[in-house]
Amino acid sequence: MKKKLLAVTLVTAMTVSMAACGGSDSGSGDSGSSDGKVSFTIFNSKSEIQEYLEEAVEKYNEENDVDIEVYYSNDTVAAHLSTKYASNDPYALAMTDAKDIYSLGVEYGYDMSGAAWVDDTDYAITVDGKVLGFPTCIEARGILYNADAIKEITGEDFDPDSIKTLDDFDDFCAELVKGGMEAPTAILKPDWSLGAHYLQQVYEEREDVDGFVDSLYAGTADLNNDEKFNALMDTFDVLMKYNAFASGPISAEDEMVHQKMSEGEVAFQFGGCWEWNDLVDYDYTGNIGLMPVPQNIEDAYTGYLVGGGSKYFYIDNSEYTTDEQRAAAMDFLEWFASAEDAQTLVSDTCGMISPFNSNTVECSNDLGKSVKEYVDAGKLVPNYDYDPDDHYSKVGAYMQEYLAGQIDRDELADKIEEYWASATPVEH
């Protein structure tokens with residue numbers, strides 16, 4: 001979810017905009033009009049679509065006689081939006097993570113029940129009978145594979161379904177090494193990838209997710225003897241075993257990992273479909289897909305990716321946004337869900353997987369197409385979206401220590417348990 005940022009330009013634009021507000025209580029609420037047009041601001045938290053969204057909104061403004069501005073910040077979403085509310089300057093329409101709908105959205109969100117798009121998706125967030133979250137896309141994570149790089153070594157088309165267990169994966173990597181691929185895997189080092197994406201599966205891939213998380217909060221979970229934790233860490237160990245950056249795993253920048261993956265120097269990398277734009281920046285070989293994380297246990301999640309609705313808009317219902325602005329924001333979301341040019345924006349231009357059934361525009365990238373197959377087959381393990389705000393930074397840092405060989409698995413488990421036992425439960 002963290003991508004190459006347009007931060008310098010956009011933060012400057014935001015600074016200018018905030019200065020223009022003069023620190024008043026208006027901001028996105030303002031008078032609700034500009035030169036007779038309804039005006040409001042949108043917060044976008046998906047950096048990779050910022051440029052596309054700005055261009056689309058510019059056209060939308062002209063065609064609908066409104067004045068909408070789109071802003072981005074690389075600050076933590078909840079912290080950034082809380083700051084905006086503290087200054088009485090909220091965005092009229094804000095894109096957040098799902099967990100933020102259960103906090104900021106519940107406190108400030110406008111009920112969108114009755115909107116036409118609600119019946120067109122299975123991914124809207126409803127709280128206490130109120131539709132508060134509008135889904136922007138579907139995303140999933142697993143093991144990225146470079147089929148062309150693999151064929152170059154094996155001489156055969158790669159079938160991801162042929163790798164069902166961790167032993168299969170280990171043997172296959174050994175075969176690639178024997179065939180001349182020096183190191184078949186690469187590992188992204190950021191805390192969000194290791195903590196919020198990889199380790200997150202330990203919580204998600206079980207029958208009673210809330211019950212397990214409750215045991216972590218209560219300090220009664222025993223990760224050292226937990227089958228799922230050990231299965232996923234066994235897989236992580238194999239990824240480390242064949243890591244192209246094994247000599248300095250914490251020094252490997254994301255760009256280095258993505259280049260090796262894109263150009264076929266490595267065959268496998270844990271990640272998600274949002275990395276498409278990072279991969280095509282290089283001399284892309286083609287035929288990169290996404291497959292489930294192989295494990296040496298067979299359970300109800302074998303053969304599944306982890307994913308679901310990702311990034312949700314909510315409309316501000318505070319006194320600082322007018323009814324006129326809320327109505328205009330509702331119109332914009334209806335356009336985003338159902339208008340032909342908006343569906344093309346989502347699926348083709350941005351390369352995202354639409355959460356709306358009426359959108360039949362094919363996703364424009366290989367990773368998205370790969371994920372769509374799992375979506376259509378009903379093979380997605382739902383995301384768990386209710387970690388404490390500091391989870392990925394704290395637990396991700398422990399995973400970095402493990403990746404660097406600074407702690408062993410027992411120590412990692414102890415640190416994770418200590419974190420959860422001291423954390424405040426997130427209501428949802």
(request) Please confirm whether H80 and F43 have ring centers closer than 6.0 angstrom. (result) yes
(message) Quick one: does any side-chain atom of T121 pair with a main-chain N or O of P355 as donor and acceptor, under 3.5 Å?
(response) yes
(message) Using a strict threshold of under 4.0 Å (side-chain N to carboxylate O), is an ion pair present between E54 and K59?
(response) no
(message) The criterion is side-chain hydrogen bond (donor to acceptor under 3.5 Å, both in side chains); which residues satisfy it with D323, sequence neighbours excluded?
(response) R326
Return a table of donor-acceptor pairs under 3.5 angstrom between the side chains of residues 122-136 and protein atoms on other chains or two or more places apart.
{"from": "T136", "atom 1": "OG1", "to": "S310", "atom 2": "O", "distance (Å)": "2.9"}
{"from": "T136", "atom 1": "OG1", "to": "K311", "atom 2": "O", "distance (Å)": "3.0"}

(request) Kindly compute the distance separating OH (Y198) from CE (M399), expressed to the nearest 0.5 Å. (result) 7.0 Å
(message) Looking at E139 and K46, is any side-chain nitrogen of the basic one under 4.0 Å from a carboxylate oxygen of the acidic one?
(response) yes
(message) We want to know whether T322 and Q325 form a side-chain donor-acceptor pair, criterion being a heavy-atom distance below 3.5 angstrom.
(response) yes
(request) Sequence neighbours left out, what pairs pass salt bridge (Lys or Arg N to Asp or Glu O under 4.0 Å) with at least one residue falling in residues 383-397? (result) K99-D389, D390-K394
(request) Answer yes when E253 and K189 have at least one side-chain N-carboxylate O distance shorter than 4.0 Å, and no when they do not. (result) yes
(request) Would you check, one step at a time, whether the test side chain to side chain contact (heavy atoms under 4.5 Å, CB included) holds for Y384 with D210? (result) CA-CA 9 Å; Y384 180 74; D210 282 318; 3.6 Å; yes
(request) Show the numbers, then the answer: is there a side chain to side chain contact (heavy atoms under 4.5 Å, CB included) between Y108 and N317? (result) CA-CA 5 Å; Y108 299 110; N317 199 33; 5.8 Å; no
(message) Pair W420, Y217 - check ring-ring contact (aromatic ring centres under 6.0 Å, His included), show working.
(response) CA-CA 5 Å; W420 279 98; Y217 280 126; 5.1 Å; yes
(message) With no hydrogens and no angle check, just 3.5 Å: does a side-chain donor-acceptor pair link S347 and N359?
(response) yes
(message) Please check: side-chain N/O of E275 versus main-chain N/O of G272, any donor-acceptor pairing under 3.5 Å?
(response) yes
(request) Would you check, one step at a time, whether the test side chain to side chain contact (heavy atoms under 4.5 Å, CB included) holds for H258 with D281? (result) CA-CA 9 Å; H258 288 134; D281 278 349; over 6 Å; no
(request) Return the minimal non-hydrogen interatomic distance between S193 and F270, and the atom names on each side. (result) O-CE2, 4.1 Å
(message) Applying ring pair (Phe, Tyr, Trp, His ring centres under 6.0 Å), can you list everything that pairs with F169, at least two apart in sequence or on another chain?
(response) F268
(request) Name all residues meeting the side-chain hydrogen bond (donor to acceptor under 3.5 Å, both in side chains) criterion together with K372; count only those two or more places apart in sequence or in a different chain, and write none if there are none. (result) D376
(message) Are more than 12 heavy atoms, taken from residues, nucleotides or ligands other than E63, located less than 6.0 Å from that residue's CD atom?
(response) yes
(request) Mind checking side-chain hydrogen bond (donor to acceptor under 3.5 Å, both in side chains) for D226 and listing every partner two or more places apart, or none if nothing turns up? (result) R206
(message) According to ring pair (Phe, Tyr, Trp, His ring centres under 6.0 Å), who are the partners of Y110, at least two apart in sequence or on a separate chain?
(response) none
(message) Using ring centroids (six-membered ring only for Trp), state whether H391 and W192 fall under 6.0 Å.
(response) no
(request) Considering non-hydrogen atoms only, spot the tightest contact between N243 and A186 and give its length. (result) OD1-CA, 3.5 Å
(request) Identify, with sequence neighbours excluded, every residue that meets ring pair (Phe, Tyr, Trp, His ring centres under 6.0 Å) alongside W335. (result) Y60, F332
(message) Going by the rule ring pair (Phe, Tyr, Trp, His ring centres under 6.0 Å), which residues pair with Y301 if we only count those two or more places apart in sequence or in a different chain?
(response) none
(message) I'd like to know if the side chain of Y402 pairs up with that of Q400 as donor and acceptor (distance under 3.5 Å, no hydrogens or angles considered).
(response) no
(message) If the condition is salt bridge (charged side-chain N to carboxylate O under 4.0 Å, His left out), which residues does D299 pass it with, not counting sequence neighbours?
(response) K228
(request) Could you tell me which residues satisfy side-chain hydrogen bond (donor to acceptor under 3.5 Å, both in side chains) with Y85, sequence neighbours excluded, listed by chain and number? (result) Y314, D316
(message) Taking salt bridge (charged side-chain N to carboxylate O under 4.0 Å, His left out) as the definition, give me every residue that meets it alongside K151, ordered by chain and number, with sequence neighbours left out.
(response) D157
